[in-house]
Number of protein chains: 2
Amino acid sequence: MSIITSRERLLQAAVEAFAEKGFTATTTRDIATRAGMSPAAVYVHHDTKESLLFTVSVEGHQAALAVIRTAAAIEGDHVARLRQMVREFSTWHAVNSRVGRIVQYEFDALTPEHRAEIADYRRQIERVMRDVLSAGVADGAFDVVDVPGTARAILSLSIDLVRWFSPRASTSAGDIAQLHAELAVRMTTPRSPS
Amino acid sequence: MSIITSRERLLQAAVEAFAEKGFTATTTRDIATRAGMSPAAVYVHHDTKESLLFTVSVEGHQAALAVIRTAAAIEGDHVARLRQMVREFSTWHAVNSRVGRIVQYEFDALTPEHRAEIADYRRQIERVMRDVLSAGVADGAFDVVDVPGTARAILSLSIDLVRWFSPRASTSAGDIAQLHAELAVRMTTPRSPS
DNA sequence: GTCTATACGTGGATAGAC
DNA sequence: GTCTATCCACGTATAGAC
């Protein structure tokens, strides 16, 4: 059915290698071998090693952005929306922790132009979260003093997953995502006056 | 007063270089130049480049552990204790974001033996947080179902600072730390029945 | 403990045939 | 579009003098 092109094999190989050794320590020879081709063949598809990293970063950020946007678009009140966003965003980072780790930690290895493009994806992700918090503050669903700061903190929970999550650990991605969703709701919903 | 030894100059140079280029991309020549010595002189103090990273990691983790332990030892109730711990731990990670970034992101570049030692520091840090949450649950100050998960999530807020904090950004370390402390309290303290 | 000089392996990228 | 062969720069670590 799905024909795996050389381009896709190359990207998968790059993800594997970058995740195992880091961007700098990965050799183009290693990527080539994993993709089942010669070192020279890599350069037919990508001018530089950095170009491979950039492609992985773009696709990773596009996927994460799509996930949080889809979650933000569900029917229901703002609390349900937030819960869904955090659950889905955390799940994505747990399931794709390898890609997530690469794109987060190798950001500085990109060229300035590519860095700027990726930074823009990140701003878009933050905007989705801020918009939901602001909307909820407006109608009283949320009590949040510092919307940008709280948005960033909530996203931190999900993103930091890539640093420590292991598919072989005892806690499942789903359980962690559920916990994060509940913590995000606690962070944002009004508390009774004491 | 304080005499800066070659050893300390070397460590400072290593931190600078690792922070700028990452561990793998940093050359021993670069470290040597920054420390004002020849490439060969580095090897008088450290057998390998990895040994420099390990030393930075040990000192960084010891400092962070001391900060959270000191905060956990203050007088007051569990809520005040948690607030202090998060505030101090976040402040440390903001102020020392360069070192924090190195020790968090270059963990895999350590030898297996060194990795195990650093992992032990991390377990100690998590234990401090879990112990405070457990004590607060026991006397009703906290309402936390998943103590290990929530402890980890709270620490995530602080640690993820090293990924995005910039001393040149508009929000100060103190403001962020204060926000994190309030969010941690919201995550853990009981909510009125609705 | 610091230097200069260097051995030796490795890596990104290219040349040119098929 | 893929190969083999290779260029050439670079990086870790060491040798040996002072």
Side-chain angles (χ1 to χ4, degrees), chain A residues 2-58 102-103 105-115, chain B residues 2-58 102-103 105-115:
Chain A
S2 72
I3 292 162
I4 295 157
T5 64
S6 295
R7 181 182 178 281
E8 286 167 311
R9 289 216 320 284
L10 209 44
L11 283 181
Q12 286 174 8
V15 167
E16 272 180 35
F18 292 160
E20 260 177 46
K21 321 198 171 184
F23 174 73
T24 314
T26 295
T27 67
T28 52
R29 288 170 160 82
D30 185 6
I31 296 171
T33 304
R34 285 177 199 257
M37 55 182 87
S38 73
V42 173
Y43 290 87
V44 173
H45 303 278
H46 289 273
D47 284 357
T48 63
K49 191 172 74 160
E50 187 270 348
S51 150
L52 275 159
L53 174 63
F54 177 60
T55 306
V56 171
S57 297
V58 168
I102 294 165
V103 307
Y105 297 175
E106 308 291 8
F107 180 70
D108 290 347
L110 295 169
T111 65
E113 292 74 20
H114 289 165
R115 254 205 302 280
Chain B
S2 72
I3 291 162
I4 295 156
T5 63
S6 294
R7 180 181 177 282
E8 284 168 313
R9 288 215 322 283
L10 209 44
L11 283 180
Q12 285 174 8
V15 167
E16 272 181 35
F18 292 160
E20 261 178 45
K21 320 196 172 185
F23 173 74
T24 314
T26 295
T27 66
T28 52
R29 289 169 207 273
D30 185 6
I31 297 171
T33 304
R34 286 176 200 257
M37 55 182 85
S38 75
V42 172
Y43 290 87
V44 173
H45 304 277
H46 289 273
D47 284 356
T48 63
K49 191 172 74 160
E50 186 270 349
S51 149
L52 275 159
L53 174 62
F54 177 60
T55 306
V56 172
S57 297
V58 167
I102 294 164
V103 307
Y105 297 176
E106 307 291 8
F107 180 70
D108 290 346
L110 295 170
T111 64
E113 292 75 21
H114 289 164
R115 255 205 302 279

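Within every chain, numbering begins at 1; the chains are lettered A, B, ... in the order of the sequence lines, protein sequences first and strands thereafter.
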List, with names and distances, any nitrogen or oxygen atoms from the protein found under 3.5 Å away from nitrogen or oxygen atoms belonging to nucleotides 4-8 of chain C.
none

Contacts of B/Q12 that satisfy side-chain hydrogen bond (donor to acceptor under 3.5 Å, both in side chains) - sequence neighbours left out:
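By the side-chain hydrogen bond (donor to acceptor under 3.5 Å, both in side chains) rule, B/Q12 matches no residue at all.
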
Go through residues 43-54 of chain B and report each residue with a non-hydrogen atom lying under 4.0 Å from DNA chain C, sorted by number.
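Going residue by residue through residues 43-54 of chain B, the ones with a heavy atom under 4.0 Å of DNA chain C turn out to be B/V44, B/H45.
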
Going by number, which of residues 10-28 of chain B have a non-hydrogen atom under 4.0 Å from DNA chain C?
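Here the set is empty: none.
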
Taking [Y]'s backbone N and O only, do any of them form a donor-acceptor pair with [X]'s side chain (distance below 3.5 Å, no angle check)?
{"X": "B/R115", "Y": "B/L110", "value": "yes"}
{"X": "A/E20", "Y": "A/A17", "value": "no"}
{"X": "B/R29", "Y": "B/P39", "value": "no"}
{"X": "A/E50", "Y": "A/T111", "value": "yes"}
{"X": "B/K21", "Y": "B/T27", "value": "no"}
{"X": "A/T24", "Y": "B/T24", "value": "no"}

Can you list everything that forms a salt bridge (Lys or Arg N to Asp or Glu O under 4.0 Å) with B/D47? Sequence neighbours excluded, please.
none

Please examine the side chains of [Y] and [X], heavy atoms only from C-beta on, and report whether any two atoms are closer than 4.5 Å.
{"X": "A/F23", "Y": "A/L52", "value": "no"}
{"X": "B/H114", "Y": "B/S57", "value": "no"}
{"X": "B/T5", "Y": "B/R9", "value": "no"}
{"X": "A/Y43", "Y": "A/T48", "value": "no"}

Interface limits on DNA chain D, where chain B has a heavy atom under 4.0 Å of a nucleotide atom
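Extent of the interface on DNA chain D: D/dG11 to D/dA15.
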
